[in-house]
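Ligands are counted one by one from 1 in listed order, and the atoms in each one are counted from 1 as well.
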Amino acid sequence: MSGSEKHRDLRFVVIGAGMAGILSGIKLQEAGHRNVTIYEKADRIGGTWRENTYPGLTCDVPSHSYTYSFEPNPDWSRYLPPGAEIQDYFERTTRKYGVDKLIRFNEEIVSCEYRHGRWHIETRNGTRDEADVVIAATGVLHVPRYPDIDGIDDFEGAIFHTSRWDHSVPLDDRRIGVIGTGSTGVQIVSALSTRVKKLVHFQRTPQWIMPVENPEFTEEQKEAFRNDPELLKYMQNEPQYLANVERFTNAIVEPDSPAMEEIETIVRDYLENSVRDPELREKLRPSYRAACKRLIFSPDFYEAVQRPAVEVELGGIDRIEAKGVRMKDGTLHELDVIALATGFKADQFMRPMNVVGRHGVELNEVWGDTPRAYLSISIPDFPNLFMLNGPNGPVGNFSLIDIAEHQWHYVSQLIARLERGECAEICATHEALEQFDRDRIAAAKKTIFGSGCQSWYLDARGVPATWPWTQERFYQAMAEPDYTAYELVTRPGSSVESPRQEEVL
Ligand code: NA7
């Protein structure tokens, strides 16, 4: 920025030191911003990858694609990265870019209020702060959803949600129950099937499984990645993988396309050809379309459930008792450990934080149980607050890092206008959000996610809450803001004058 331009020295608060918060820290520093604090509720960075440590934890996006574009990693051990390696990667990257110095750990923001042109922040410990700009990088799936099953507190063994895994509990040669068949339950069953005395997988709803190989990278390959930046770049943008993602995301939007038919054929054939016992095969056969729920990629789930120690239980759970899980038909599965792989409340985002925008507008009231945001980034009446991986953004079987980077590219342009003093406040207009929401909902109902199944992609009304258009359309939308969708407020001469003196552009 040239010295002749107006330049506001903005103060930034980033909420959360997960993948998107670290990205924000790196990008803000890169843009020359020095007045940045990242508040993190826990004592370590990592978000999802800090909280989830269950056996078998693996990302279903290929390792080299699950990196920041500017920070490739030659050392991934396998095609699909184990969770602990991802956590290491983020920790290394945080240190390398000096983002660790920006983070205040063990500081959970409980309140974030916009008053007199600034965000006023308070943490659970009573720390107070102020910011011109807040970046909400709080993640999507961070509030565990505990199942509403009677007697859960009566169980005498160990019981925990998969994102709160208790590593002090022994698993080898014990009787384990896993409730839930999302990616988490499937990965845990695969990992434990060879270690346990007995494993009961409670499936309320079976899942379609997409076969995937997960080979290790050899030392020679890793050496080649280390010595050849071009090769590493190629791995990050591996054409076949990118083509698959594009084809897959297009298929989501067009459920009757040949691409979706192909996906359906692959998962059906995989089931037919992998599960020998016809009775078990029928137990594992979903009654809804492939990719309606988030597709599960697994190299070994079908193999795992056919091991002698594993039992797939499709019956309804009546209650949990001291000794185990009682089914509706009266059967009791006696267990030592129960892992609740029952997912997350996907409508929380920065909540339970109390976020109050202009004129006392409360986010909790605005959102209720259907959170929404213009292009997933901005909410009317909540100026200078921008979200990464907020509601209505793309989620699916692809890298959320890539999504967050595109969102950052967009947000950085809004920040630049504030920095240049072109406006003091910027947020989406009500009209822009309403129009976006109408278009989004109309499109969402036609996606495969809306084709008749229950999943965390659906909002409280049963409408898919995710980005309902192609990946290409998302990239186009993130290239440059359409400022007619924004309210830009100037306060001539001062950034902290009373809202009464606002002049709306
Ligand atoms: P998911 O994908 O939300 O899966 C939760 C699973 O738990 C799913 O199979 C549910 O069955 C099951 N569930 C939930 N409540 C109950 C009760 N009360 N009784 C029995 N079964 C229940 O969560 P994950 O953690 O596996 O994955 C979340 C995301 O993390 C994943 O998509 C990736 O993006 C990473 P249902 O299908 O609703 O019948």
Side-chain angles (χ1 to χ4, degrees), residues 18-19 47-61 66 80-83 86 139-152 159-165 177-191 200-210 212 248 252 283-298 301 305 312-320 325-328 333 338-348 389 393-401 403 449 452-459 462 464-466:
M19 171 277 284
T48 288
W49 303 108
R50 177 195 64 237
E51 292 193 353
N52 286 280
T53 58
Y54 59 76
L57 173 66
T58 306
C59 179
D60 62 9
V61 174
Y66 199 76
L80 300 177
I86 300 174
V140 186
L141 302 178
H142 59 98
V143 179
R145 193 178 55 190
Y146 286 87
D148 186 14
I149 301 175
D150 282 346
I152 223 161
I159 183 164
F160 41 77
H161 189 270
T162 51
S163 66
R164 304 285 184 270
W165 196 274
V178 176
I179 301 181
T181 39
S183 305
T184 305
V186 163
Q187 291 186 350
I188 292 169
V189 167
S190 302
V200 185
H201 194 190
F202 298 92
Q203 301 202 352
R204 186 163 69 181
T205 317
Q207 285 270 17
W208 288 112
I209 308 288
M210 174 63 82
V212 61
F248 180 67
I252 288 169
K283 275 187 174 178
L284 294 168
R285 190 188 301 278
S287 58
Y288 53 88
R289 295 188 62 184
C292 182
K293 288 171 183 280
R294 191 178 196 275
L295 205 51
I296 293 183
F297 286 70
S298 173
F301 177 65
V305 289
V312 175
E313 173 61 89
L314 262 193
I317 295 174
D318 182 46
R319 60 185 184 274
I320 292 178
V325 176
R326 177 79 65 183
M327 308 307 294
K328 290 212 164 97
H333 291 285
I338 299 175
L340 302 170
T342 44
F344 300 84
K345 293 182 181 167
D347 64 351
Q348 295 301 295
N389 295 128
V395 289
N397 294 92
F398 43 79
S399 171
L400 275 188
I401 304 183
I403 301 302
F449 302 145
C453 68
Q454 186 55 47
S455 84
W456 67 265
Y457 287 166
L458 305 183
D459 69 17
T466 56

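- In this structure, Leu340 CG and Thr162 OG1 are separated by 7.5 Å, a value rounded to the nearest 0.5 Å.
- The aromatic rings of Trp165 and Phe160 stand perpendicular to each other, their planes meeting at an angle above 60°, with 30° marking the opposite boundary.
- Between Asp60 and Arg294, the shortest heavy-atom contact is OD2-NH1, 2.6 Å.
- Across Tyr288, Trp456, Tyr146, Phe202, heavy-atom proximity to atom 28 (C) of ligand 1 is greatest for Trp456.
- Other residues, nucleotides and ligands contribute more than 12 heavy atoms inside 6.0 Å of the NZ atom of Lys283.
- Between the side chains of His201 and Glu313, no donor N or O sits under 3.5 Å from an acceptor N or O.
- Any N or O atom pair closer than 3.5 Å counts here, and Lys293 shares at least one such pair with ligand 1.
- Compare Gly180, Ala341, Pro286, Pro147 by their heavy atoms: the one nearest to atom 5 (C) of ligand 1 is in Ala341.
- Near Gly182, meaning under 4.0 Å from any of its heavy atoms, are these atoms of ligand 1: 2 (O), 4 (O), 6 (C), 9 (O), 26 (O).
- Closest protein heavy atom to atom 35 (C) of ligand 1: Leu141 CD1, 4.5 Å.
- For atom 19 (N) of ligand 1, the closest heavy atom belonging to the protein is Arg204 NH1, 3.8 Å.
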Carefully, step by step, assess Arg164 and Glu51 under the rule salt bridge (Lys or Arg N to Asp or Glu O under 4.0 Å). CA-CA 7 Å; Arg164 304 285 184 270; Glu51 292 193 353; 3.6 Å; yes
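- At the shortest separation from atom 34 (O) of ligand 1 among protein heavy atoms lies Arg294 NE, 3.0 Å.
- Annotation: side chain of Ile179 is not in contact with side chain of Gln203 (no heavy-atom distance under 4.5 Å).
- Scanning all protein heavy atoms for the shortest distance to atom 39 (O) of ligand 1 gives Thr205 OG1, 2.4 Å.
- At least one heavy atom of Arg145 lies less than 4.0 angstrom from ligand 1.
- The protein atom (non-hydrogen) at minimum distance from atom 8 (C) of ligand 1 is Thr181 N, 3.8 Å.
- Residue-ligand proximity: Ile317 is placed with every non-hydrogen atom at 4.0 Å or more from ligand 1.
- In this structure, the protein non-hydrogen atom closest to atom 20 (C) of ligand 1 is Ile179 CG2, 3.7 Å.
- Here the protein heavy atom with the shortest distance to atom 25 (O) of ligand 1 is Thr184 OG1, 2.6 Å.
- No N or O atom of Thr162 sits closer than 3.5 Å to an N or O atom of ligand 1.
- Looking at Gly343, Gly316, Gly185, Pro206, it is Gly343 that brings a heavy atom closest to atom 23 (O) of ligand 1.
- Counting all heavy atoms, side chain and backbone alike, Ile296 lies closest to Gly182 at CD1-C, 3.5 Å.
- Relative to the ring axis of Tyr288, Lys293 places its NZ or CZ within 45° and under 6.0 Å from the centre.
- Here is the list of ligand 1 atoms found below 4.0 Å of a heavy atom in Phe344: 25 (O).
- No close placement of the Phe344 and His142 rings is indicated, their centers lying 6.0 Å or farther apart.
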